[in-house]
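Data block below; observations after.
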Amino acid sequence: MAGFFITLEGIEGSGKTSQARALQQFLQKSGYPTFLTREPGDTEIGRFIRELLLNPDYTEMEPRTEILLYAADRAQHVSELVRPALSEGKIVISDRYYDSNLAYQGYGRGLDLETVKKINFWAVEELHPDLTILLDLPVQQGLKRARNLALDNLGDRLEREEINFHQRVRQGYLKLAEIWPERIITVDAAASRPEVQRILREIVKERLA
Ligand code: TMP
């Protein structure tokens, strides 16, 4: 039995995490076996990598180091959690996947997109999502939400980046949705939380049918 692989993407404060959780609960109640996971940091090795990546003290981190650490987390995540769940026939919902790397390190940091793609496709041994939902909203609105949730009102190392960085990430995501229109569906995340969830459910139900 082959499972179905859904990824949720978006800038800081786009509501991915709560939407992913609500979607999983809905699918579970509808009788589908599901598995909810996230990047970076859902494996034991990944938790260390996440700590390295998001610690605001590591301002000296090279963009190449950053991309390789995210890709290392992803390689572990795919082989330890995602592939086994898919081979058990589950619907896997991942809060972020390689499009985050393309948007943040490719477009955000300005690294060559083809290289970022190659590293990622190699790291995941070409495991591509069946469906990616991009939660899109204006950067100012997202950052406000994200910083309100952060204990220190500043957020992690990435959240502290300048606004232009986040603008490039958002535009990068929208370009990815143009490159892969079959796979990536863009949803307006500025709508209310229940409305966004309703749209997500419709999209997923249609794809699963
Ligand atoms: P989170 O806030 O969704 O837990 O994600 C952690 C941060 O890591 C977020 O700022 C986005 C960033 N990130 C990348 O820059 N590249 C990646 O490949 C991934 C998965 C996340």
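Keep in mind that this is a model prediction, so the values were computed, not measured. Values below: all heavy atoms of this structure, side chains included; hydrogens, waters and symmetry mates excluded. In listed order, ligands and their atoms are each counted from 1.
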Q: For side-chain hydrogen bond (donor to acceptor under 3.5 Å, both in side chains), just list the numbers for Thr43 and Gln76, CA-CA rounded to whole Å, side-chain angles, deciding distance to a tenth of an Å, and then say yes or no.
A: CA-CA 7 Å; Thr43 61; Gln76 191 65 31; 5.3 Å; no

Counting N and O atoms only, with roles assigned by atom type, does the side chain of [X] sit under 3.5 Å from a partner on the main chain of [Y], one being a donor and the other an acceptor?
X	Y	answer
Glu9	Tyr97	yes
Asn55	Glu51	no
Arg157	Leu53	yes
Ser100	Arg96	no

Q.
Just to be sure I read this right, does ligand 1 sit under 4.0 Å from the backbone of Gln105, its side chain, both, or neither, counting only heavy atoms?
A. side chain

Q. Of the backbone atoms (N, CA, C, O) and the side-chain heavy atoms from C-beta on, which set of Leu53 has a member under 4.0 Å from an atom of ligand 1: side chain, backbone, both, or neither?
A. neither

What's the shortest distance from [atom] to any protein heavy atom, and which residue and atom give it?
atom	value
atom 10 (O) of ligand 1	Glu12 OE2, 2.6 Å
atom 5 (O) of ligand 1	Arg96 NE, 3.2 Å
atom 20 (C) of ligand 1	Arg74 NH2, 3.3 Å
atom 21 (C) of ligand 1	Tyr70 CE2, 3.3 Å

Show the atoms of ligand 1 that are less than 4.0 angstrom away from any heavy atom in [X].
X	value
Leu158	10 (O), 15 (O)
Asn101	17 (C), 18 (O)
Lys16	3 (O)

Q: Hey, can you tell me if Tyr98 and Phe121 have their rings parallel, tilted or perpendicular (30° and 60° cut-offs)?
A: tilted

**Q.** Carboxylate-amine/guanidinium proximity below 4.0 Å for Arg47 and Glu44
**A.** no

Does ligand 1 come near enough to [X] that some N or O of the ligand is less than 3.5 Å from an N or O of the residue?
X	value
Arg50	yes
Glu66	no
Asp156	no

Q. Is it true that Thr17 lies under 4.0 Å from ligand 1, counting heavy atoms only?
A. no

Q) At their closest point, which heavy atom of Leu86 faces which heavy atom of Lys90, and how far apart are they? A) CD2-O, 3.7 Å

Q: Let me know which of Asp73, Ile49, Thr7, Asp95 forms a side-chain contact (heavy atoms from CB on, under 4.5 Å) with Glu39.
A: Asp73

